[in-house]
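Here the structure comes first, spelled out in structure tokens, and everything after it is commentary.
Count residues from 1 along the sequence.
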Amino acid sequence: MPQIRPVSDLRNNFTEISRIVHESREPVFLTKNGFGDMVVMSIAQYEKQQLENDVFFKLKEAEAEAKTTAKRYTHSEIISEVRERIQNGK
């Protein structure tokens, strides 16, 4: 269940909000005059969300590319290519 708090709680109860976002690993939604204003989350959760977004968009790109070509790669071809790029620093 999402935590929804007034924005004044950020100033008045910062320690509690910090504890909530770190322990629950969920964002806290802050309201101003009864309307959504901000979201507070831990850096760890933000970075995780960014990584998941990056992976999602790369998969979408791969799906789009797969629709435009009939070329398919085997598992061993991909692993070989990745190893080669790692060794060459690319």
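For Arg83, the CZ atom sits in a loose shell: 12 or fewer heavy atoms of surrounding residues, nucleotides or ligands are nearer than 6.0 Å. The environment of Glu77 atom CD is dense: over 12 non-hydrogen atoms of other residues, nucleotides or ligands sit within 6.0 angstrom. Within a 6.0 Å sphere centred on CG of Asn33, other residues, nucleotides and ligands contribute 12 heavy atoms or fewer.
Hydrophobic clustering, with ILVMFWY side chains joined whenever heavy atoms are under 4.5 angstrom apart, groups Ile86 together with Ile78. Taking hydrophobic clusters as Ile, Leu, Val, Met, Phe, Trp and Tyr residues chained together by side-chain heavy-atom distances below 4.5 Å, Phe29 does not share a cluster with Ile20. Cluster membership for Leu51 and Leu59, using ILVMFWY side-chain heavy atoms within less than 4.5 angstrom, is shared. Hydrophobic clustering (ILVMFWY, side-chain heavy atoms < 4.5 Å, transitive): Val21 and Ile43 are in distinct clusters.
Side chain of Arg72 to main chain of Ala66: a donor-acceptor pair is present (N/O by atom type, distance under 3.5 Å, no hydrogens or angles). In this structure, the side chain of Asp9 does not engage the main chain of Arg5 through any donor-acceptor pair within 3.5 Å.
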* Checking side-chain contact (heavy atoms from CB on, under 4.5 Å) for the pair Val28/Ile17: CA distance, chi angles, key distance, verdict? -> CA-CA 7 Å; Val28 173; Ile17 290 177; 4.3 Å; yes
* To do: Using the side-chain contact (heavy atoms from CB on, under 4.5 Å) rule, take Glu47 and Gln50 through it: C-alpha gap first, then chi angles, then the decisive distance, then the call.
  => CA-CA 5 Å; Glu47 290 174 345; Gln50 290 300 106; 5.6 Å; no
* To do: Step by step, work out the side-chain contact (heavy atoms from CB on, under 4.5 Å) result for Thr31 and Val7.
  => CA-CA 5 Å; Thr31 62; Val7 74; over 6 Å; no
* To do: Under the side-chain contact (heavy atoms from CB on, under 4.5 Å) rule, what do Met41 and Glu26 come out as? Steps first, then yes or no, please.
  => CA-CA 7 Å; Met41 64 176 35; Glu26 294 291 330; over 6 Å; no
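With sequence neighbours left out, Glu63 forms a salt bridge (Lys or Arg N to Asp or Glu O under 4.0 Å) with Lys60.
A cation-pi geometry, defined here as NZ or CZ lying under 6.0 Å from the six-membered ring centre and within 45° of its normal, holds between Lys71 and Tyr73.
How far CG of Leu30 is from CD of Gln3: 10.5 Å, rounded to the nearest 0.5 Å. Of the inter-residue distances, the one linking His75 atom NE2 with Ser80 atom OG reads 9.5 Å to the nearest 0.5 angstrom. Ser18 OG to Asn13 CG: the interatomic distance, rounded to the nearest 0.5 Å, is 12.0 Å. Atoms CD and OG, on Gln45 and Ser24 in that order, are 8.0 Å from each other to the nearest 0.5 Å.
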